[in-house]
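Inspection log for the structure reproduced underneath, given as structure tokens.
One-based numbering along the sequence shown. Computed over heavy atoms, backbone and side chain alike; hydrogens, waters and symmetry mates excluded. Just so it is clear, the model here is predicted, and its values are computed rather than measured.
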Amino acid sequence: MIAGIASLLGKGRDYYLFDSFEGLTDVQEIDGKSAARWQSNKTFHDYFDNCRAEISFATEVMRKRLVIMKGCI
């Protein structure tokens, strides 16, 4: 999403991406049954390792147009 925003707003500004890169937390009852089904179906084509990603992937996609801040969940 930040890559799309940066493309729209241009190169003349700084962009900051805050993410843990550790994926989503375990689903809770408040998240609903659909979220529980999605998170438990690890073979679904849209699962993407529970939204986990390497920082290097974000850096490569943005081609150093933003500052990435790794945090914790």
Side-chain angles (χ1 to χ4, degrees):
M1 180 61 82
I2 191 66
I5 292 169
S7 293
L8 285 173
L9 297 178
K11 297 179 182 180
R13 57 180 70 213
D14 294 328
Y15 298 94
Y16 292 84
L17 170 61
F18 292 84
D19 200 318
S20 71
F21 297 93
E22 296 173 7
L24 300 173
T25 58
D26 291 338
V27 69
Q28 304 295 313
E29 185 176 348
I30 194 170
D31 298 318
K33 293 179 182 180
S34 293
R37 278 193 305 273
W38 179 84
Q39 195 170 57
S40 67
N41 188 357
K42 296 179 180 181
T43 60
F44 187 61
H45 70 279
D46 281 344
Y47 182 71
F48 300 112
D49 196 18
N50 201 31
C51 297
R52 187 171 290 117
E54 295 294 324
I55 292 176
S56 60
F57 176 74
T59 303
E60 180 180 328
V61 169
M62 290 303 297
R63 293 188 174 102
K64 300 182 181 179
R65 287 194 285 176
L66 68 119
V67 176
I68 298 173
M69 309 295 285
K70 184 181 184 316
C72 60
I73 299 177

Quiz item: Is Gln39 reaching over with its side chain to a backbone N or O of Ser34, donor-acceptor style, under 3.5 angstrom?
Solution: no
Practice problem: Please report the shortest heavy-atom distance between Ala35 and Val27, naming the atom on each side. | Solution: CB-CG2, 3.7 Å
Exercise. Output yes when a side-chain donor or acceptor of Asp31 lies under 3.5 Å from a complementary backbone atom of Gln28, and no otherwise.
Key: yes
